[in-house]
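See structure below.
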2 protein chains.
Amino acid sequence: MSLDGQLPPKMRLLRAAAELLAKSAGAPVSTRQITQLAGVSAPTLYHHFGDKEGLFDAVVAAGFEEYVAGERDFAPSGQPLEDIRRMWDNHVQFGLNQPELYLVMFGNIRPESRPAIVADAEALMEEMLNKAAAAGQLNVQPREAARSILAANVGVTLMLIAEPAPDRNLELSTMTRDAMIFAVSAEPASGSAPGSAGKSSVVVAAIALNAALQASHSDQLSSSELKLFLEWLHRISATPAG
Amino acid sequence: MSLDGQLPPKMRLLRAAAELLAKSAGAPVSTRQITQLAGVSAPTLYHHFGDKEGLFDAVVAAGFEEYVAGERDFAPSGQPLEDIRRMWDNHVQFGLNQPELYLVMFGNIRPESRPAIVADAEALMEEMLNKAAAAGQLNVQPREAARSILAANVGVTLMLIAEPAPDRNLELSTMTRDAMIFAVSAEPASGSAPGSAGKSSVVVAAIALNAALQASHSDQLSSSELKLFLEWLHRISATPAG
DNA sequence: TCAGTTCATATAGCAACGCTATAGGTGCTA
DNA sequence: TAGCACCTATAGCGTTGCTATATGAACTGA
């Protein structure tokens, strides 16, 4: 019933709390559950963490270290904006992997206690944006860009967490990500996208449609179809909505 | 000590809960506090709302109605994208005015219960974006644009709530707002467009057409023409680039 | 070696919590 | 007036976060 008897009680409490929190689906986790799973009695918790909240803060801090480690993990690609994309995706993935922890970290932020984490997360992203700025790829100050991108990143992740897992559509993330990165960048990562793996499928679809229509050789639509298609388009776009 | 004795107990409970929640700064609010402030005894709460959570859900529902009313309040400017800006600002202001309520509404969303509110908020924004799409001002589908904009809007609002009030810099909001709106809008301010190097006017028109057709008032195309058009569009956008 | 001190854990229990079994009062309709 | 819903209150159950107090283990200095 209890977690490994070998670890010190402090660690066992941390792991028990994290485990129960992850499984709790939002329901409150009691100190009695935690201490029982840790194989420890009540006062031990208060000796080490002072508070229930203190314990949860420690869990959050541990989770945040894991987050930071993940954000630093990959090798820099040499293209700062591409690295920002990876940081974004990594952030989203962290949230989806540990939704309860994420909700505590970013969903419950109140002015009196939490923003230290937010500030650190911002600093992490700002660090990367500084490289982009140095390379002349930014049209706003790195700090503002970092705050803006992180805010959008958090919002997207919360939205995805709110959706039932089977319905989750990660295109929301890639689309918002690319919109934000483009908005702060000085030069559009234009058509010849470097390592074009990162392009959103919306853009791909748009380019595909464009190409199909421009090229009269399209084998998707016959030339007569195309002619009709364009005629309809014209008819409709010349008409006020309604 | 008790709220107006004239209102029915159900209302008094709602108001007491809302008031205590607003003042609580994140600390939990007990049913005993609520019932005492409402001048009512414990079982009354459970008679009307079943649960503590039921009461809080009712508070949230009331808050959401207020939010929706605010989002519909202003007269349409005739420029859909300008209206989207106002919706964004209104959203942020709502969050800053009632941070505790907002955190419950958007900061604690879990897949099992909450997303109804998110879906409604998305629908609200999608409604406005449909007008933009019909006017040919969008380069993505209104639903995707609404989800993306709302996600960023929520993220920004949470970030601003997390900051101590004196330090709040609303430029984070305006900057992110304009970035998102620009990213989904069809008309680049100048030069080349987002990630697009050429989101052609054909694409924009196609999206506009799609929006107009969804509204189904269209007498511009016969229903058979419409069906064919949508089939072509689907064929084309399902085609890999190049 | 051994008292003194500090650290770490346990027993037992308090006040406050969410909630409910039960019953009494009120205003209808017949 | 009887009967019946509806609404509210008294009292109390089990659980919660937390603590007053005590016990054992490990280190310290003389």
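Note that the structure is predicted; figures quoted are calculated from it, not measured. Reckoned from all heavy atoms, side chains included, excluding hydrogens, waters and symmetry mates. The sequence lines fix the lettering, A, B, ..., with proteins before strands; numbering per chain opens at 1.
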Length of the CZ-P vector between B:F49 and C:dG18, whole Å: 15 Å

Would you kindly give the CE-to-C1' distance between B:M11 and D:dC7, to the nearest whole Å? 16 Å

Any Lys/Arg nitrogen of B:R72 or B:E127 sitting under 4.0 Å from an Asp/Glu carboxylate oxygen of the other? yes

Closer than 4.0 Å, any side-chain N/O of A:Y46 to the OP1 or OP2 of D:dT19? no

Can you tell me if B:R168 has over 12 outside heavy atoms packed within less than 6.0 Å of its CZ? yes

With B:R85 as reference, evaluate B:D178, B:N90, B:T174 under the side chain to side chain donor-acceptor pair (under 3.5 Å) test and give the passing residue. B:D178

Flag yes if more than 12 heavy atoms outside A:R86 fall under 6.0 Å of its CZ atom; otherwise flag no. yes

Expressed in angstrom and rounded to an integer, what is the separation of A:Q33 atom CD from D:dC18 atom C1'? 16 Å

Nearest whole Å is fine: how far is C:dC17 C1' from A:K52 NZ? 12 Å

Within a reach of under 6.0 Å around CD of B:E171, are more than 12 heavy atoms found that belong to other residues, nucleotides or ligands? no

Separation of D:dC7 atom C1' from B:L13 atom CG, nearest Å, is 12 Å

In whole angstroms, how far is the P atom of D:dT8 from the CD atom of B:Q36? 18 Å

Quick one: is B:S30 getting a side-chain N or O under 4.0 Å of the C:dA16 phosphate, OP1 or OP2? no

Where protein sits on nucleotides 8-15 of chain C, one letter per nucleotide: B base, S sugar-phosphate only, - none, heavy atoms under 4.0 Å: BBBB-B--

Nearest-Å distance for atom pair CD1/P, residues B:I34 and C:dG18: 8 Å

Protein-nucleotide distance (B:L45, atom CG; D:dT8, atom C1'), rounded to Å: 12 Å

Considering only NZ, NE, NH1 and NH2 on the basic side and carboxylate oxygens on the acidic side, decide whether A:K23 and A:E19 come within less than 4.0 Å. yes

